[in-house]
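Notes to accompany the following structure.
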Amino acid sequence: MFGMIKNSLFGNTEETEYKLLSSETKDGVSFEVRRYDAFKYAAVSSEGRTFDQVTGELIRKLLMYIGGSNEQGEAMGTAAPTIITVYPRNDGVLSRRLVVGIRIPNGYQQSPPTPTDSAVRIEERPGMTVYALQFGGFAGESEYRAEALRLTRTLGETAPFQRKQYFCCSYDPPLKPYGRRNEVWFLQEEP
């Protein structure tokens, strides 16, 4: 537990690099189109509980893993953002299924430490292009849903993005009191 706290508060935080394809403003809403490379992520998933009920628990599992609760005992530092994949229903309410992922820091991409918690898995995620909308404050399900709706309306019905899932991203440790950065990402459909 101490390793997780020390790692998240004092460890290195690598921000996931991306290529900015465009920065746009439409109807007063600013968003970016970004291209991310493929990376390995530590991920945990949940079904049956709501976003607000389970995200803290799942993020703690990942922080424990990258903080040294792995077979090699490696405190890896951390990478931002934490990405929560959600699956909205037709009415916009999030289903009770989600996946939380943290990118494995660069120094461990080739050979990530083996998780000791069987709920944590290492997965290779492909490169992706996203529409990203940034906002501040503490974000839970209602804030992410509101921003996703704002981005949906801004992009319009003809924009080529996946509507069956989107990503809720947080760049800050859970205890950071102000100046927080959150984003909603929509995965662009590849031609």
Residue pair Val130, Gln188: steps toward the side chain to side chain contact (heavy atoms under 4.5 Å, CB included) verdict: CA-CA 5 Å; Val130 300; Gln188 189 178 67; over 6 Å; no
Enter the distance from [X]:[atom1] to [Y]:[atom2] here, rounded to the nearest 0.5 Å.
| X | Y | atom1 | atom2 | value |
| --- | --- | --- | --- | --- |
| Arg145 | Phe51 | CZ | CZ | 11.0 Å |
| Ser69 | Glu74 | OG | CD | 12.5 Å |
| Glu24 | Thr154 | CD | OG1 | 11.0 Å |
| Arg125 | Arg103 | CZ | CZ | 12.0 Å |
| Thr55 | Glu141 | OG1 | CD | 9.5 Å |
| Asn106 | Met76 | CG | CE | 12.5 Å |

May I ask you to decide if [Y]'s main-chain N or O and [X]'s side chain share a donor-acceptor pair within less than 3.5 Å?
| X | Y | answer |
| --- | --- | --- |
| Asp52 | Gly140 | no |
| Asn70 | Gln72 | yes |
| Glu123 | Ala43 | no |
| Asn182 | Ser170 | no |
| Gln109 | Phe39 | no |

Is there side-chain contact between [X] and [Y], with at least one heavy-atom pair below 4.5 Å?
| X | Y | value |
| --- | --- | --- |
| Asp117 | Met64 | no |
| Arg96 | Thr50 | yes |
| Glu32 | Gln134 | no |

Pair Tyr131-Tyr166, ring pair (Phe, Tyr, Trp, His ring centres under 6.0 Å): steps then yes or no: CA-CA 10 Å; Tyr131 297 98; Tyr166 63 88; over 10 Å; no
Exercise: identify the closest heavy-atom pair between [X] and [Y]:
| X | Y | answer |
| --- | --- | --- |
| Pro173 | Arg180 | O-NH1, 3.0 Å |
| Tyr65 | Pro112 | OH-CB, 3.8 Å |
| Arg97 | Tyr87 | O-CD1, 3.4 Å |
| Pro105 | Gly77 | CG-O, 3.9 Å |
| Lys61 | Val120 | O-CG2, 4.2 Å |
| Leu58 | Ser46 | CD1-CB, 3.7 Å |

Step-by-step side chain to side chain donor-acceptor pair (under 3.5 Å) determination, Arg89 to Ser95: CA-CA 6 Å; Arg89 301 184 322 214; Ser95 72; over 6 Å; no
Heavy atoms from other residues, nucleotides or ligands near CD of Glu71 exceed 12 (cutoff 6.0 Å): yes
Within 6.0 Å of CD in Glu157, more than 12 heavy atoms from elsewhere: no
Transitively linked via ILVMFWY side-chain contacts under 4.5 Å: [X] with [Y]?
| X | Y | answer |
| --- | --- | --- |
| Leu98 | Phe167 | no |
| Tyr144 | Leu149 | no |
| Phe138 | Ile59 | no |
| Leu94 | Leu187 | no |
| Tyr171 | Tyr178 | no |

Qualifying residue for side chain to side chain contact (heavy atoms under 4.5 Å, CB included) with Tyr41, from Val99, Val100, Ile83: Ile83
Test log, rule side chain to side chain contact (heavy atoms under 4.5 Å, CB included), inputs Glu15 and Arg181: CA-CA 12 Å; Glu15 189 168 319; Arg181 176 181 170 195; 3.0 Å; yes
Ion pair Glu57/Arg60, N-O distance below 4.0 Å: no
Test side chain to side chain contact (heavy atoms under 4.5 Å, CB included) applied to Ser45 and Arg121, step by step: CA-CA 9 Å; Ser45 56; Arg121 65 187 182 283; 3.6 Å; yes
Worked check of side chain to side chain contact (heavy atoms under 4.5 Å, CB included) between Tyr108 and Ile66: CA-CA 10 Å; Tyr108 297 89; Ile66 64 175; over 6 Å; no
Member of Glu189, Arg35, Lys19, Arg34 meeting the side chain to side chain donor-acceptor pair (under 3.5 Å) criterion with Thr129: Arg35
Ring pair (Phe, Tyr, Trp, His ring centres under 6.0 Å) assessment of Tyr36 paired with Trp185: CA-CA 12 Å; Tyr36 288 87; Trp185 293 354; 4.7 Å; yes
